[in-house]
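When a ligand or atom number is given, it counts from 1 through the structure's own listing order. Numbering of residues begins at 1 and proceeds along the displayed sequence.
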Amino acid sequence: MSTSKGSAAKGGGGKKKEVKKETKLGMAYRKDDNFGEWYSEVVVNSEMIEYYDISGCYILRPWAMEIWELMKEFFDAEIKKLKLKPYYFPLFVTENVLQKEKDHIEGFAPEVAWVTKSGKSDLEAPIAIRPTSETVMYPYFSKWIRSHRDLPLRCNQWCNVVRWEFSNPTPFIRSREFLWQEGHTAFANKEEADEEVLQILELYRRIYEEFLAVPVSKGRKSEVEKFAGGLYTTSVEAFIPNTGRGIQGATSHCLGQNFAKMFDITFENEKGVREMVWQNSWAYTTRSIGVMVMTHGDDKGLVLPPKVAPIQVIVISVPYKDADTTAIKGACESTVYTLNQSGIRADQDTRENYSPGWKYSHWEMKGVPLRIEIGPKDLANKQVRIVRRDNGAKVDIPVTNLVEDVKVLLDEIQKNLFKTAQERRDACVQVVSSWDEFTTALNNKRLILAPWCDEEEVEKDVKARTKGELGAAKTLCTPFEQPELPEGLRSDEGRSKASGAERNQNQANQSCQWTSKDAGDHYSSEAWEREYFQ
Ligand code: 87F
């Protein structure tokens, strides 16, 4: 059985696993056999996603939305500490205003969706649906910012954006409409802007590593891969071992004064002199959920890190024949109550038309971190049986220790998922020092750490030369944490025209670059590919 509609990513053969027909539960594809089908199946069967009748659009069901809400809660509280304020700007933007950003929008133009009619009549002028909100917001920044007293201006909005992608839509990872938060800030000077870029990047790292248990690398994008409208782009980059592709997790841009120039965003400084503001913009999207699914999921379905699991503990009664079902029910209820009282997200599956075994598979498919089984023997011994989703380990614990033990276990699972993912990623890392090593590593789905000269021409050439059957190489970022390179491989001298004071911002020792096969992402989109290669 497969409920998936189309492949998510390029995978292997496509062998189907024997599925328990009578229950209609279980996964038809194995993660290592056909990663694309496996992914589609996981997101549907776990009830995160429902496919929709417009390609690239998906219904996000509660199991996905609650994860998004948990991340949002954390992120909102953190940016509040940085004095960010919530805003909501309209979904629509006029052609005129959108075109103000002409130079930078050009490469993205094919992805912009337009409204041209209301009912049967043509609109006077087509209206674009926001693909991002720079052009929506900045005319108002220009109006609101007058004096240095109006700075910094810090806006954040949670919203949807639309980018009409044409390549291989994938739930969460590449969809035509997605959810994100977008932060847009304006400062009186570059130092403050620079500082915020890194503060936000650290929050993105925490979302990935502390919540989603996905290891990421913080770094700076190359000139080719950065947001062309900005001064420099920093990002967190994840890696999916099954595809051998790096994937951009989130970006934090320093826009410099480019948009201030375009939109006339100026302020009067303390001395009464007009100056242009310094701006940043940053975003992370529902893509993060897809990266988490790909990282932790297994042949039984989803595996959720406890911190983002909508249900952390599922309680299931196991009433053998002739057992005192009322007493077992009562024990399940009080277990859920006790756990809820101490802040643990617990629930019970009271459905009577399903067997305990069916329920086990169902909640495993949904990735719930802990399962508690309560049967007659447990009742008699004043204990419960706990089963971990991440490693299948089973323990019997006395009810007197319930809360404490569950907290310890949830914490262990969170740590274990991160550690396992980190080890799996690290096993894919290859440091290369020659072109041969580079292309072989690329072919072997490696996450490559390569010496880096930071020349645009060289980067484009590498892309072009690996375009064929290899799958184009794509630089991910220059990691802030640099490994020690052997003598002769260091390449931070001799950079030519590309160098300049601000491009070395935050990169004391720029010498190595993460590279992998190109997965495509929201910034360096297919539109850019078209520009470079056609
Ligand atoms: C697609 C269509 C039109 C990316 C696009 O990264 C415009 C764009 O401007 C576009 N895809 N971008 C760049 C977005 C830059 C920036 N915006 C605010 C971010 C973070 C949030």
Subject >> Selection from Gln248, Glu165, Arg163 by shortest heavy-atom distance to atom 14 (C) of ligand 1 >> reply: Arg163

Subject >> His184: numbered ligand 1 atoms lying under 4.0 Å from its heavy atoms >> reply: 18 (C)

Original post:
Considering only heavy atoms, which of Tyr284, Phe108, Trp180 lies nearest to atom 10 (C) of ligand 1?
Top reply: Phe108

**OP:** Taking only heavy atoms of Ala283 into account, list the atoms of ligand 1 that are under 4.0 Å away from them.
**Re:** 20 (C), 21 (C)

**OP:** Have a look at Gln157 and tell me which of Lys85, Gln181, Met137 forms a side chain to side chain contact (heavy atoms under 4.5 Å, CB included) with it.
**Re:** Met137

Subject >> Numbered atoms and elements of ligand 1 in range of Thr251, under 4.0 angstrom, heavy atoms >> reply: 6 (O)

Subject >> With sequence neighbours excluded, residues passing salt bridge (charged side-chain N to carboxylate O under 4.0 Å, His left out) with Lys31 >> reply: none

Original post:
According to the interplanar angle, ranging from 0 to 90°, do the rings of Phe178 and Trp180 count as parallel (below 30°), tilted (30 to 60°) or perpendicular (above 60°)?
Top reply: perpendicular

**OP:** Return yes or no for this condition: an N or O of Glu182 is under 3.5 Å from an N or O of ligand 1.
**Re:** no

**OP:** Could you check whether the rings of Tyr140 and Phe89 sit parallel, tilted or perpendicular, using 30° and 60° as the cut-offs?
**Re:** tilted

Original post:
With atoms numbered from 1 as shown, which atoms in ligand 1 lie under 4.0 angstrom from a non-hydrogen atom of His253?
Top reply: 6 (O), 15 (C), 16 (C), 19 (C), 20 (C)

Original post:
Is the closest basic N to carboxylate O distance between Lys218 and Glu202 below 4.0 Å?
Top reply: yes

**OP:** Could you tell me whether Glu111 and ligand 1 have an N or O pair separated by under 3.5 Å?
**Re:** no

**OP:** Report the residues that fulfil salt bridge (charged side-chain N to carboxylate O under 4.0 Å, His left out) with Lys120, sequence neighbours left out, ordered by chain and then residue number.
**Re:** none

